[in-house]
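Worksheet for the structure shown next.
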Amino acid sequence: MAEAERYDLAVIGAGPGGYVAAIRAAQLGMRVLCVDREAALGGTCLRIGCIPSKALLDSSELFWQARTRLASHGVGVGEVSLDLPMMMRRKEQVVQGLTTGVAGLFKKNRITRRTGSARLVTPDRVAIEGPDAGTVHAPRILIATGSGPATLPGFELDGTRIVSSEEALSFDALPARLLVIGAGAVGLELGSVWARLGSEVRVVEIADRIVPGMDDELARALHRALERQGLSFRLSAAARKAVVKGAAVDVTIETDGTAVTEAFDRVLVAVGRRPFTAGLGLDTLGVALGPGGHIRVDERFETSVPGIHAVGDVIGGPMLAHKAEEEGIACVERIAGQAGHVNYEAIPNVVYTWPELAAVGRTEQECRAQGLEVTAGTALFAANGRARAMGERDGLVKVVADGRSDRILGLHILGPHASELIAEAGLAIEFGASAEDIARTSHAHPTLAEAVREAALAVAKRSIHS
């Protein structure tokens, strides 16, 4: 790469926050460079996170359905067998297709891409080390380097027996016994994959419930559903240490002061993520960091050093790909003088288990803890015609509304395809809709979405089907 190439914007990181920001900046007329350590675009989400995990979730769901549920629909398939290498190849094909698609979008929008590790030398200069080594000048720099798996004392990741979510997406054999440490989205999703395929899965969580932060009632219902699927849980329990002994891992788990040691084939450490800022040169330039190592930014996503911006996992908040995308778009729009917008109340959160758990806005418990007067309405999928036709009886919808204005403060769904249904809730909160607005909106029959309307009707105690 030639020395001193000049751009209007240099984006560091080609994950959802970075590549989406780069595309939007190019649409706004900027000359854009995007640099990433990996040759394949898409970041953790596309390459080793969101997309491959969903590919495996869908494949494992089909396998589980074929073994346990198709017969009840009158579909006989004979003996069902697992071809794990083929399942993994399909996952990689999905990922490759999408990374190639992002590269095509870069070409279409005339975005320059470079491969290598970026380091900020001055507020307007970036040094790149690696295959495309050189120096880049840009008056605006956007850091979108994302995050990496958090570690746990006593559990040294070796990539084989004690692993992060990355390795748990690519096991070459079915673990007989898998321990998952952490009952958040990542732990439950990957635990579900391997449980469906035949592993004995134990989940250990230091909190007294799964999916902390989600609605209590729906979290308890999901817990029961996952137990019926074969996952076992140890809550209010701490994983203290792991010792690899050949092909097994001895793990010490402490509950109420009592420690027991059990043997597992593999251990997945899924205790969260931490921002990736190493090697960026932030300390040299005086870029301020907050608790947990997150980069501090203002309402324009600008750091303490003028001209340097940051979005996504690296600035904290929910570590979600779509949150990073919204921030990336808003950031470059504000750089361009437009009114970039992110409504954090309207950003959905999804756990892709089965049933799926999706939420947007505040929980009923959060609202009451904040002293808000709220009313809540619920609707069970067991009373929904489409869900019954699908054989899906688990789950419910909860609408949380302001007790005075009826404005929707939160909407929570546990049930089939909740990840798709939650979009209606995000739109409702974005436009300040009331429970009455949803209740007065016709929903096609028979559909799963009718349960959302039914829950909205229940806010005013006038539900029809329950």
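Side chains are part of it too, since the values below use all heavy atoms of this structure and drop only hydrogens, waters and symmetry mates.
Between Thr353 and Ser192, the side chains place no donor N or O within less than 3.5 Å of an acceptor N or O (distance only, hydrogens not considered). Between the side chains of Asp158 and Thr160, not a single donor N or O lies within less than 3.5 Å of an accepting N or O. Inspection of the Glu167 and Ser164 side chains reveals an N or O donor paired with an N or O acceptor under 3.5 Å. Using modelled atom types and a 3.5 Å distance limit, the side chains of Tyr352 and Glu61 yield no donor-acceptor pair. Side chains of Gln93 and Arg90: a donor-acceptor N/O pair is absent below 3.5 angstrom, by distance only. Judged by distance alone, the side chains of Lys91 and Ser170 do bring a donor and an acceptor atom under 3.5 Å apart. With 3.5 Å as the limit, one finds no donor-acceptor pair spanning the side chains of Arg177 and Ser199.
When all heavy atoms of Ile143 and Leu120 are compared, the pair lying nearest together is CD1-CD2, 4.3 Å. When all heavy atoms of Leu142 and Ala21 are compared, the pair lying nearest together is CD2-CB, 3.5 Å. Here the closest heavy-atom approach between residue Leu320 and residue Pro348 is recorded as CD1-O, 3.5 Å. For the pair Val203 and Gly182, the tightest heavy-atom approach, listed with the atom from each and the gap, is CG1-O, 3.9 Å.
A salt bridge links Asp172 with Arg266: the distance from a Lys NZ or Arg NE/NH1/NH2 to an Asp or Glu carboxylate oxygen falls below 4.0 Å. With respect to Glu79 and Arg67, no salt bridge is recorded, no charged nitrogen being found less than 4.0 Å from a carboxylate O. Using a cut-off of 4.0 Å between Lys/Arg side-chain N and Asp/Glu carboxylate O, Arg140 and Asp8 are scored as not salt-bridged. Under a 4.0 Å N-O distance rule, the pair Lys241/Glu156 does not qualify as a salt bridge. Between Asp132 and Arg113, no side-chain nitrogen of the basic residue sits less than 4.0 Å from a carboxylate oxygen of the acidic one, so the salt-bridge criterion is not met.
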Evaluation steps, side chain to side chain contact (heavy atoms under 4.5 Å, CB included), between Phe381 and Arg393: CA-CA 6 Å; Phe381 277 106; Arg393 302 172 63 94; over 6 Å; no
Trace of the side chain to side chain contact (heavy atoms under 4.5 Å, CB included) decision for Leu411 with Val400: CA-CA 6 Å; Leu411 204 154; Val400 182; over 6 Å; no
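Evaluation of the ring-ring contact (aromatic ring centres under 6.0 Å, His included) test over residues 152-191, restricted to residues two or more places apart or in two chains, returns Phe171-Trp194. Here ring-ring contact (aromatic ring centres under 6.0 Å, His included) pairs that include residues 42-67, with residues two or more places apart or in two chains, number zero. For residues 216-251, the set of pairs meeting the ring-ring contact (aromatic ring centres under 6.0 Å, His included) definition, not counting sequence neighbours, comprises His223-Phe233.
With respect to His341, the side-chain hydrogen bond (donor to acceptor under 3.5 Å, both in side chains) criterion is satisfied by exactly one of Glu326, Glu333, Glu430: Glu430.
In this structure, Asp313 CG and Thr277 OG1 are separated by 12.5 Å, a value rounded to the nearest 0.5 Å. Note: Ser60 OG to Leu82 CG = 10.0 Å, rounded to the nearest 0.5 Å. A distance of 5.0 Å separates CG in Leu190 from CG in Leu169, rounded to the nearest 0.5 Å. One distance of note links CD1 of Ile206 with CD1 of Ile253; it measures 12.0 Å at 0.5 Å rounding. Considering CD1 of Ile413 and CG of Leu421, their distance stands at 5.0 Å, rounded to 0.5 Å. How far CZ of Arg89 is from CE of Met86: 5.5 Å, rounded to the nearest 0.5 Å.
The number of heavy-atom neighbours closer than 6.0 Å to CZ of Arg209, taken from other residues, nucleotides and ligands shown, is above 12. Around the CD atom of Glu129, the shell of radius 6.0 Å holds no more than 12 heavy atoms that belong to other residues, nucleotides or ligands.
The side-chain contact (heavy atoms from CB on, under 4.5 Å) test applied to Glu38 returns Asp36, Arg47, not counting sequence neighbours. Checked against side-chain hydrogen bond (donor to acceptor under 3.5 Å, both in side chains), Ser117 has no partners two or more places apart in sequence or in another chain. For Ala324, there are no side-chain contact (heavy atoms from CB on, under 4.5 Å) partners two or more places apart in sequence or in a different chain.
Remark: the backbone N or O of Ala183 is paired with a side-chain donor or acceptor of Glu205 at under 3.5 angstrom. Looking at Arg161, its side chain does come within 3.5 Å of a backbone N or O of Asp265 through a donor-acceptor pair.
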